[in-house]
Amino acid sequence: MMVTKAELVSMGMTAEHFPTDGLPEILLSGRSNVGKSSFINTMTNRKNLAYTSSKPGKTQTLNFYRINDAFYFVDVPGYGYAKVSQKKRQAFGRMIEGYIQTRKELRLAILIVDLRHPPTEDDVLMYNYFKHYHIPVLVIATKADKIGKTLRPRHQKVLHATLGIHPEDHVVLFSSVTKEGRETAWKIITRYV
């Protein structure tokens, strides 16, 4: 996909802050510091559309990025970051839950994981949560450039087995450094928008 326009148009925690134009929405989830912002920037060919930080836990709202005036990437707070208070984690959980359960514009969930490591318990919970609500899932396995070609099948097998990937869902090996997986990811995303 050729991205000619990409902009952050809305940030908020409740429905009154969400866009009202009815465009399709693609949810981006993953643990803190897994590379959601880098994924957004790579997919849109923008360096600083989504703010990347070396400190986890920066995203604290639902951030709506309008792409080509056709659909939204919706970046949600990362999970699994210990320095965020229990109260704040619960608030994030309620916010994301409310969005997933009520947002009719939601078409696809992208779960971003690090290919170098087995998915965490939180990754498994998030994947199963999407499946409970019958939301199609695209798993983006980042940092693919850090894994040698001969070791990749082993890492992919662990990823599939740990998450219990459903046959209708997709897994794409991805690198924001080499842009590997970008075109494949766009082909899958465009089916849902």
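No experiment lies behind these values; they were computed from the predicted model shown. Numbers here are sequence positions counted from 1.
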Report yes or no: does R66 contribute a side-chain atom to a donor-acceptor pair with the main-chain N or O of F71 at less than 3.5 Å? no

Matching residue for V139 among V171, I110, D123 - test: side-chain contact (heavy atoms from CB on, under 4.5 Å): V171

Interatomic distance, L23 atom CG to D69 atom CG [nearest 0.5 angstrom]: 7.5 Å

For the pair N45 and M2, evaluate side-chain contact (heavy atoms from CB on, under 4.5 Å) and give the outcome as yes or no after the intermediate values. CA-CA 9 Å; N45 273 331; M2 175 73 73; over 6 Å; no

Going by heavy atoms in the side chains, are L163 and L159 under 4.5 Å from each other? yes

L106 and Y99, any side-chain heavy atoms less than 4.5 Å apart: yes

CD1/I100 to OG/S29 distance, rounded to the nearest 0.5 angstrom? 7.0 Å

Centroid-centroid distance, F64 to F18, less than 6.0 Å: yes

Report the relative orientation of the aromatic rings in F39 and F73; use parallel for angles under 30°, tilted for 30 to 60°, perpendicular for over 60°. tilted

Over all heavy atoms of both residues, which pair between T42 and S176 is shortest? Give the atoms and the distance, please. OG1-CB, 3.1 Å

With heavy-atom distances below 4.5 Å as the criterion, would you say the side chains of K146 and K143 are in contact? yes

Given salt bridge (Lys or Arg N to Asp or Glu O under 4.0 Å), test E25 with K104 step by step and report yes or no. CA-CA 9 Å; E25 294 172 3; K104 64 183 187 312; over 6 Å; no

Side-chain heavy atoms under 4.5 angstrom apart, residues restricted to Ile, Leu, Val, Met, Phe, Trp, Tyr: same cluster for I96 and V137? yes

Presence of salt bridge, R103 and E97, under 4.0 angstrom: no

Given side chains that start at C-beta, do those of I140 and K36 come closer than 4.5 Å, heavy atoms only? no

Whether S10 side chain and H17 backbone form a donor-acceptor pair below 3.5 Å: yes

Please lay out, stage by stage, how M11 and L62 fare under the test side-chain contact (heavy atoms from CB on, under 4.5 Å). CA-CA 6 Å; M11 299 167 68; L62 295 176; over 6 Å; no

Any sub-3.5 Å donor-acceptor pair from N41's side-chain atoms to L49's backbone N or O? yes

L28 vs V76, side-chain contact (heavy atoms from CB on, under 4.5 Å): CA-CA, chis, key distance, verdict: CA-CA 6 Å; L28 303 174; V76 303; over 6 Å; no

Do the non-hydrogen side-chain atoms of T44 and I67 ever get within less than 4.5 Å of each other? yes

Heavy-atom check, side chain of H155 versus side chain of V158, under 4.5 Å: no

Which hydrophobic side chains are connected to L151, either touching it within the sub-4.5 Å cutoff or through other members that do? L115, I147, L173

Residues 185-193 side chain polar contacts: donor-acceptor under 3.5 Å, at least two apart:
from : atom 1 : to   : atom 2 : distance (Å)
W186 : NE1    : M43  : O      : 3.1
T190 : OG1    : W186 : O      : 3.0
T190 : OG1    : K187 : O      : 3.0

For the pair I40 and R46, evaluate side-chain contact (heavy atoms from CB on, under 4.5 Å) and give the outcome as yes or no after the intermediate values. CA-CA 8 Å; I40 292 168; R46 305 295 193 278; over 6 Å; no

Under 6.0 Å from the CD atom of E121, do we count more than 12 heavy atoms belonging to anything else shown? no

Would you tell me whether Y133 and Q101 have side-chain atoms, one donor and one acceptor, within less than 3.5 Å of each other? yes

Answer yes if the side chains of N68 and T4 hold a donor-acceptor pair under 3.5 Å, and no otherwise. yes

Any side-chain heavy atom of F174 within less than 4.5 Å of one from T184? no

Where do E180 and R152 land on the salt bridge (Lys or Arg N to Asp or Glu O under 4.0 Å) test, with the steps shown first? CA-CA 14 Å; E180 175 186 352; R152 284 183 176 195; 2.7 Å; yes

In Å and rounded to the nearest 0.5 Å, what is the CZ to CG distance from F130 to L108? 9.0 Å

D122, T162, D169 screened by side chain to side chain donor-acceptor pair (under 3.5 Å) with Y127, the one that passes: D169

From CD1 (I26) to CG (D75), nearest 0.5 Å: 13.5 Å

Over all heavy atoms of both residues, which pair between K131 and E168 is shortest? Give the atoms and the distance, please. NZ-OE2, 3.3 Å

Let me check something: do L138 and Y65 share a hydrophobic cluster, defined by ILVMFWY side-chain heavy atoms less than 4.5 Å apart, either directly or through other members? yes

Any salt bridge between K5 and E7, counting N to O under 4.0 Å? yes

Do V113 and T142 come within less than 4.5 Å of each other through their side chains, counting heavy atoms only? no

Test log, rule side-chain hydrogen bond (donor to acceptor under 3.5 Å, both in side chains), inputs N63 and Y72: CA-CA 9 Å; N63 296 341; Y72 292 95; over 6 Å; no

Here the gap from L27 atom CG to E105 atom CD, rounded to the nearest 0.5 Å, amounts to 13.0 Å

Any chain of hydrophobic side-chain contacts (each under 4.5 Å) joining Y79 to V124? yes

